[in-house]
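Data block below; observations after.
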Amino acid sequence: MKNLSRIWKTNLAINLISGIVLVFMEWLFFITKPSFLSTSSFSDKLAVLFYSTVFVFGMLLLLSLPIIIFCSFVQSRTRLISHLLTIIPAIMLTFLALLMIDNFTYTMFKFGISNSSGLRRVIYLFVWLSLFTLIYIKLTKSVFHKLSTDAPEHSAYLPVIITLFISVLLTSLFFRLPTELFPDKIEASSTDGFPNIILVTADGVNAKNMSLYGYERETTPFLDSIKDQLVISNNHFTNSANTGGAIVSILNGKYPTTTRMLYPPDILKGDDSYEHLPGILRENGYYTAQFAVEHYVDSTTQNMQDAFDESNGKKVNRFLPTNLLSERFPTDSRLFLVEVESRIIDRAKHIFFIESMENTFLQITKMQKDYKDIEKIDDSIRVISETKQPVFVHIHWMGTHGGRYYPDSTKFSAGIDRENQEPWIPDLYDDSIVDLDSGLEYLFTELSRINELSDTIILLTSDHGHQFTVKNRLPMFLYIPGNNLLQIRSSNTQHIDIAPTILDLLNLDQPDWMFQGVSMFEENRKNDLVFATGTLRSVGGKVGNILDDDYLLPPFYQFDYMSIIDCDRYYWISLEEHYYWSVRSIPSYAGTCNISDYLSKSEIRNALIDRLVTDGFLFDEAAIPELP
């Protein structure tokens, strides 16, 4: 009995210490850099430390249960037990040491695991193996000494009871069974008749640069050829100047100011994490996939829970510990654990040559030559052809992302030196749109080849305007097989209308929480105001640009400005220290507006204040100036 007590007590101690060290060092890293915890109070940060430590300690105990039970049957084999008990803590502490080394080398010398290849990748593997060997030997000696010491035991079964109690408590309070264990919850017949849906969001495309919308240059010959088969919104606008906020507003039908989701490291929190179009479609039998770009357009990074079955080349493993956490577990703590889990798994796969890490920052800001957009289409076709369920796919096309462009087309940019180009060259931009048109033609061709075009709805829009604007008209059109009747019911549409529109096409009810957007086919639809926002402050981070922590100040934090579009009028207000308004007209607006339909300047001001108050911002309303 004495040996049994020592074994279980030692297991408790070694897992508790390794859990505390791992969580504390990662927590310290996160609170000292720009992250989703940047705007949290210190008490909230301490709560993250506490809950995360409890979770990691509990998980280590759960993982060690098979080992500790086996050791209980070989109590006399002290050296063997010492080796077995230290395996899991040694692995965890080795990855912690590797993370700390990676953080240091990247901060000081701008190189790390994410941009390692070839020999450097082998060196990181050697470093991990060396660290593991060192830590494992040290821990084994310490555990062997502990087990060999003849110390008084108060209760032989107390450590056993504590271990089992913590394991059962953690499981019962915070874990949920994955829905994949209950496939009968969705009847097969419920998916009958549902079409595939492909949502394409092109980065930074203005409608005025597409011949589909009347541009004098033929930038979209394929779309021009099928124009009669498309349902087109002539005046569509974004709700965010930044990609993350724009894409999330498309997928959940909510304003960025409502969800506080605008730009990395912003994430969805609370109910917003679970309220989105992909989740509704999954509940109705859809297989969901996202092919975009990590960091900026990634449902996992943005904490969109139960949304996509695969995202950016990675199938979502719903059996990972953090994916099994129930809604009872505090949101910030779960997000912290997801980040830590991702940091460890991604680096482990990289150094063990299982899967290479993508350096998104380098791809976006430096290379900009190969966004693998055609591969995203190929992956979409693969998913549709291999999946028996209806499929919802989100493709984010990056070839139109500026300020430098490397299009395959030379229709308008022949003779321009791509390697030494200045930012935002119009001819290269137009050719990047030609590439987009060619990509769409390829998508249609491939869908036809696998006999799925007649059963697929395709919707294309852009995340924001050229050069991150919110006032420019964006493309927004739908290809709906067999449609001869549907038409857009108002002159202005916006991103938050897209999710309700898709649900309308599927005859699925629009949930109560998706009340800010309205289906574009709604018969009694009004020409609502378009609210948009954006940030002007970002800095280069380790894997991509992030918000500048120095400017995340109350009352509006990352939201540096707001805009309101009323028919063809554009109102813009700075939300930084000195509020001021700017009033302009929408460039190249399609159609005319009746003067009697415009809101007055005071009504515009009141609408802005109401929007900010409704979204929970605390500010001096009297400080918002009247419009000039």
Side-chain angles (χ1 to χ4, degrees), residues 17-38 40 42 45-46 48-49 52-53 56 60 86 88-139 264-265 267 294-295 298 301 322 335-367 538-550 552:
I17 293 170
S18 58
I20 290 174
V21 172
L22 171 65
V23 172
F24 178 76
M25 295 307 297
E26 282 292 277
W27 177 82
L28 197 62
F29 171 70
F30 273 87
I31 67 170
T32 54
K33 76 178 188 72
S35 73
F36 66 91
L37 291 173
S38 296
S40 301
F42 189 68
K45 293 174 182 177
L46 287 177
V48 169
L49 176 62
S52 301
T53 301
V56 171
L60 291 175
T86 55
I88 295 175
I91 291 173
M92 300 304 293
L93 292 176
T94 302
F95 276 114
L96 172 62
L98 189 70
L99 287 174
M100 294 174 68
I101 293 172
D102 189 40
N103 295 338
F104 175 78
T105 58
Y106 201 93
T107 302
M108 298 299 297
F109 309 111
K110 298 303 177 186
F111 74 84
I113 295 175
S114 63
N115 57 11
S116 65
S117 59
L119 180 60
R120 278 202 298 171
R121 202 166 169 181
V122 174
I123 291 173
Y124 273 112
L125 176 59
F126 176 77
V127 168
W128 189 93
L129 293 172
S130 300
L131 287 171
F132 174 75
T133 302
L134 178 63
I135 293 171
Y136 181 68
I137 291 173
K138 292 278 187 181
L139 284 179
I267 53 172
E294 291 186 44
H295 185 69
D298 189 288
T301 302
T322 53
L335 297 175
F336 168 74
L337 290 169
V338 168
E339 287 289 330
V340 175
E341 181 183 72
S342 177
R343 278 162 52 81
I344 291 174
I345 291 175
D346 288 349
R347 283 157 180 77
K349 288 181 177 179
H350 188 78
I351 65 173
F352 282 95
F353 291 86
I354 298 171
E355 184 178 293
S356 298
M357 288 182 68
E358 292 285 344
N359 192 320
T360 308
F361 179 72
L362 182 63
Q363 188 185 45
I364 299 291
T365 61
K366 301 286 180 63
M367 294 170 61
S538 65
V539 294
K542 187 172 182 179
V543 295
N545 286 337
I546 54 177
L547 292 167
D548 190 338
D549 209 23
D550 293 337
L552 296 180

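Quick caveat: nothing in here was measured; it's all calculated off a predicted structure.
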Below 4.5 Å, heavy atoms only, C-beta onward: do [X] and [Y] meet side chain to side chain?
{"X": "F353", "Y": "V122", "result": "yes"}
{"X": "L547", "Y": "S538", "result": "no"}
{"X": "L49", "Y": "K45", "result": "no"}
{"X": "S40", "Y": "L37", "result": "yes"}

Spatial distance of atom [atom1] ([X]) from atom [atom2] ([Y]) [nearest 0.5 Å]:
{"X": "T53", "Y": "L337", "atom1": "OG1", "atom2": "CG", "result": "9.0 Å"}
{"X": "L119", "Y": "R121", "atom1": "CG", "atom2": "CZ", "result": "12.5 Å"}
{"X": "S18", "Y": "I88", "atom1": "OG", "atom2": "CD1", "result": "9.5 Å"}
{"X": "I113", "Y": "S356", "atom1": "CD1", "atom2": "OG", "result": "12.5 Å"}
{"X": "N103", "Y": "T32", "atom1": "CG", "atom2": "OG1", "result": "9.0 Å"}
{"X": "I137", "Y": "F132", "atom1": "CD1", "atom2": "CZ", "result": "9.5 Å"}

N/O donor-acceptor pairs under 3.5 Å from side chains in residues 89-101, not counting sequence neighbours:
residue, atom, partner, partner atom, Å
T94, OG1, A90, O, 2.6

W128 and Y124: CA distance, side-chain angles, deciding distance, ring-ring contact (aromatic ring centres under 6.0 Å, His included) verdict: CA-CA 6 Å; W128 189 93; Y124 273 112; over 10 Å; no
F111 CZ: over 12 foreign heavy atoms closer than 6.0 Å: yes
I need the minimum non-hydrogen distance between [X] and [Y], along with the two atoms involved.
{"X": "E339", "Y": "F30", "result": "CB-CZ, 3.4 Å"}
{"X": "F42", "Y": "W27", "result": "CE1-CH2, 4.4 Å"}
{"X": "P265", "Y": "I546", "result": "CD-CB, 4.2 Å"}
{"X": "T133", "Y": "L129", "result": "OG1-O, 2.8 Å"}

Contacts of D298 that satisfy salt bridge (charged side-chain N to carboxylate O under 4.0 Å, His left out) - sequence neighbours left out: none
side-chain contact (heavy atoms from CB on, under 4.5 Å) between L125 and F352, worked out: CA-CA 7 Å; L125 176 59; F352 282 95; 3.6 Å; yes
CA sep, side-chain torsions, deciding dist, call: S114, H350, side-chain contact (heavy atoms from CB on, under 4.5 Å): CA-CA 8 Å; S114 63; H350 188 78; over 6 Å; no
Under 3.5 Å, side chain of [X] to main-chain N/O of [Y], donor-acceptor pair present?
{"X": "R120", "Y": "N115", "answer": "yes"}
{"X": "D346", "Y": "R343", "answer": "no"}
{"X": "S342", "Y": "V338", "answer": "no"}

